Amino acid sequence: MISEEQKIEQPLDPKMIGLRPGLEGVPVAHSAICEIDGTKGELRYRGYPINELATQSSFLETTYLLIWGDLPSPQQLKDFEQEVQMHRRVSFRVRDMMKCFPATGHPMDALQSSAASLGLFYSRRAIDNPQYVYDAVVRLIAKIPTMVAAFQLIRKGQDPIQPRDDLAYSANFLYMLTEREPDPLSARIFDRCLILHAEHSLNASTFSARVTASTLTDPYAVVASAVGTLAGPLHGGANEDVIKMLKEIGRPEKASSYLDKAIANKQKIMGFGHREYRVKDPRASILQDLAEELFARFGKDEMYDVAKTLEKEAEGRLGQKGIYPNVDFYSGLVYQKLGIPRDLFTPIFAISRVAGWLAHWREQLGANRIFRPSQIYTGAKSRKWMQADERMSP
Ligand code: CMC
């Protein structure tokens with residue numbers, strides 16, 4: 001126990017001494033990857049509006065743009081797609097390791113462990129060698145989806161299935177997950193979801209990636225640390241909680257009372273709010289359109305009416321604070337319609353965000369300084385050691 005005289009003075013007002021909890025508004029890097037205008041609700045990757053990328057580009061093309069800075073020429077894109085296709089398989093050792101994971105474990109934990117294990121196979125820490133960098137990018141982009149799909153089958157007691165070379169990136173992932181070739185609309189909508197989640201400036205997981213990168217460790221450790229950060233419910237994990245919340249609300253007419261109760265209890269509404277946006281997240285609007293496209297073709301999800309009513313009701317209560325739906329609000333409804341289990345929503349976010357993490361890894365290495373912030377110590381000053389029998393029980 002700390003006695004009164006051992007306590008040092010409480011720190012001054014945090015704002016006076018420069019403490020910024022959550023680093024809100026503190027720039028820690030120059031970056032040319034992604035630009036957000038949170039008041040206008042605009043998002044651009046390398047200068048290209050997200051809407052245009054989501055309608056015109058493919059996930060692999062967007063990945064190339066994010067990581068290498070410019071849109072690829074047709075030949076560059078073809079080469080990149082072929083390289084990724086050639087590296088989709090994972091070693092039998094990784095698959096065997098995954099078979100030892102508990103089937104009840106969360107797929108994000110399985111992904112973090114398996115992503116880290118890639119470092120055992122490929123780590124040479126030759127991060128200043130452009131070929132090593134290119135190969136690491138290709139391997140991570142290619143193998144992360146295979147590992148997510150493999151864990152899904154393994155936990156059901158089945159052997160993972162091999163990627164199919166005749167299927168493009170997103171169609172192949174859905175095939176490895178469901179053992180059925182997806183219809184083209186589902187594959188295209190899934191690919192567009194990956195584009196939407198690929199990058200979002202210095203969010204928590206990307207910051208984690210940059211901190212890890214700043215130590216000059218290998219890219220597999222960079223991605224594994226970011227996966228761990230993405231898993232939390234305040235970040236990527238919110239998409240799972242949105243579906244749980246919509247199910248709990250159950251019917252559109254209950255949305256209003258749910259909101260009143262949650263706000264009175266100071267409970268966060270999952271899928272709402274964002275550090276950067278004061279208006280509706282542009283990705284949420286696109287995802288809502290994608291959900292509607294899927295519903296028009298395959299039938300509506302009854303939770304969609306609950307979601308729309310919740311959004312409408314929330315506007316009057318939270319809109320004045322700038323709290324609107326974020327990317328996680330409608331993504332779960334899209335994935336659910338694609339037949340994807342709820343606890344794979346965040347691993348799918350990771351499949352996509354690995355592009356952004358790797359873009360930031362490269363950028364960090366281009367102007368590296370190890371991250372080492374300071375702190376304001378608030379603990380006990382010098383204390384006198386006590387033998388065990390002198391200590392009081394709490
Ligand atoms: N529901 C109700 N009130 C909210 C919400 C929400 N979802 N988000 C923020 N607020 C309120 C909060 O209570 C606080 O009010 P007051 O000033 O009266 O105390 C004010 O808004 C500021 O909140 P904050 O938590 O300090 O804001 P932040 O910038 O630190 O947090 C956030 C951003 C995304 C963590 C937060 O909005 C949140 O927890 N949202 C729910 C979880 C979620 O959907 N996360 C996904 C984020 S987007 C995708 C991603 O990054 O992975």
Side-chain angles (χ1 to χ4, degrees), residues 14-15 19-26 33-34 36 38-39 41 43 50 108 111 193-210 225-246 248-249 255-288 307 310-335 342-357 360:
K15 287 204 178 85
L19 181 81
R20 300 293 282 268
L23 291 181
E24 184 168 358
V26 179
I33 302 170
C34 166
I36 300 168
T39 48
L43 168 63
I50 191 65
M108 276 301 267
L111 179 60
C193 291
L194 295 186
I195 295 171
L196 294 173
H197 286 87
E199 160 61 7
H200 210 239
S201 79
L202 272 185
N203 53 83
S205 60
T206 304
F207 183 52
S208 178
R210 281 190 92 124
S225 77
V227 171
T229 310
L230 183 68
L234 294 187
H235 193 6
N239 52 16
E240 259 189 66
D241 290 342
V242 169
I243 298 293
K244 279 186 215 153
M245 175 183 74
L246 296 178
E248 192 189 325
I249 298 171
S256 174
S257 58
Y258 177 90
L259 273 173
D260 286 338
K261 209 166 140 205
I263 291 168
N265 291 336
K266 297 215 168 301
Q267 184 192 321
K268 294 267 179 73
I269 314 299
M270 285 294 137
F272 277 76
H274 202 283
R275 182 67 67 79
E276 294 289 317
Y277 295 111
R278 291 293 159 262
V279 293
K280 186 170 177 179
D281 185 329
R283 301 166 298 172
S285 305
I286 302 173
L287 281 158
Q288 187 174 2
L310 191 71
E311 179 182 350
K312 199 159 149 257
E313 294 284 342
E315 188 172 357
R317 293 162 171 89
L318 298 171
Q320 73 277 14
K321 279 191 181 177
I323 296 163
Y324 288 94
N326 61 46
V327 69
D328 288 324
F329 192 59
Y330 287 107
S331 64
L333 288 172
V334 173
Y335 296 144
R342 201 194 296 167
D343 60 2
L344 291 187
F345 297 172
T346 319
I348 286 167
F349 193 156
I351 289 176
S352 159
R353 187 55 61 85
V354 76
W357 295 331
H360 282 269

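Start at 1 and go down the list; that is how both ligands and their atoms are numbered. Model, not experiment: these values are computed from the prediction.
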Q. Mind checking whether Gly236 has a heavy atom under 4.0 Å from ligand 1?
A. yes
Q. Taking both backbone and side-chain atoms of Arg283, is any N or O found less than 3.5 Å from an N or O belonging to ligand 1?
A. no
Q: Run down the list Lys266, Glu276, Lys321 and name the one with the heavy atom closest to atom 16 (P) of ligand 1.
A: Lys321
Q. Without hydrogens or angle criteria, can the side chains of Asn203 and Thr206 be said to hold a donor-acceptor pair below 3.5 Å?
A. yes
Q: Output the distance between atom CG (Leu196) and atom CZ (Phe349), rounded to the nearest 0.5 Å.
A: 10.5 Å
Q. If you measure from each non-hydrogen atom of Glu24 to ligand 1, which part falls under 4.0 Å: side chain, backbone, both or neither?
A. neither
Q | Residue part near ligand 1, for Val327, under 4.0 Å between non-hydrogen atoms | A | side chain
Q: Please check if a non-hydrogen protein atom sits closer than 4.0 Å to atom 10 (N) of ligand 1.
A: yes
Q.
Please list, in number order, the atoms of ligand 1 under 4.0 Å from a heavy atom of Gly271.
A. 43 (C), 44 (O)
Q: Please confirm whether Met270 comes within less than 3.5 Å of ligand 1 when only nitrogen or oxygen atoms on both sides are compared.
A: no
Q) Hey, does Leu230 come in under 3.5 Å of ligand 1, counting only N/O atoms on both sides? A) no
Q. Got an N/O contact under 3.5 Å between Asn203 and ligand 1?
A. no
(Q) Quick test of your reading of the structure: of Gly273, Ala284, Gly322, whose heavy atom lies closest to atom 37 (O) of ligand 1? (A) Gly273
Q. With respect to atom 28 (P) of ligand 1, which of His235, Arg275, Arg353 exhibits the smallest heavy-atom separation?
A. Arg275
**Q.** Rounded distance (nearest 0.5 Å) linking atom OG1 of Thr346 with atom CG of Leu230
**A.** 6.5 Å
Q: May I ask you to check whether His360 and Arg210 show a side-chain donor-acceptor distance below 3.5 Å?
A: yes
(Q) Between Glu248 and Lys244, does any side-chain N to carboxylate O distance fall below 4.0 Å? (A) no
Q: Report yes or no: does a heavy atom of Phe349 sit under 4.0 Å from some atom of ligand 1?
A: yes
Q.
Can you confirm whether some protein heavy atom lies under 4.0 Å from atom 45 (N) of ligand 1, or whether none does?
A. yes
Q | Exercise: do Ser208 and Thr229 side chains pair donor with acceptor under 3.5 Å | A | yes
Q: Identify, by atom number and element, the atoms of ligand 1 in contact range of Leu234, meaning under 4.0 Å from any of its heavy atoms.
A: 39 (O), 45 (N), 46 (C), 47 (C)
Q) Out of Thr346, Ile269, Asn326, who gets a non-hydrogen atom closest to atom 2 (C) of ligand 1? A) Ile269
Q | Euclidean distance, Ile323 CD1 relative to Leu318 CG, rounded to 0.5 Å | A | 5.0 Å
(Q) Could you work out, for atom 36 (C) of ligand 1, the closest of Arg317, Gln267, Lys268 by heavy-atom distance? (A) Lys268
Q: Hey, could you give me the CG/CD distance between Leu259 and Gln267, rounded to the nearest 0.5 Å?
A: 10.0 Å
Q. For ligand 1, is any non-hydrogen atom under 4.0 Å from Ile323's backbone (N, CA, C, O), its side chain (CB onward), both, or neither?
A. side chain
Q | Test of ring centre spacing under 6.0 Å for Tyr277 and His200 | A | yes
(Q) Would you say atom 41 (C) of ligand 1 makes contact with the protein, given that contact here means a non-hydrogen protein atom less than 4.0 Å away? (A) yes
**Q.** Donor on one side chain, acceptor on other, Tyr330 and Glu311, under 3.5 Å
**A.** yes
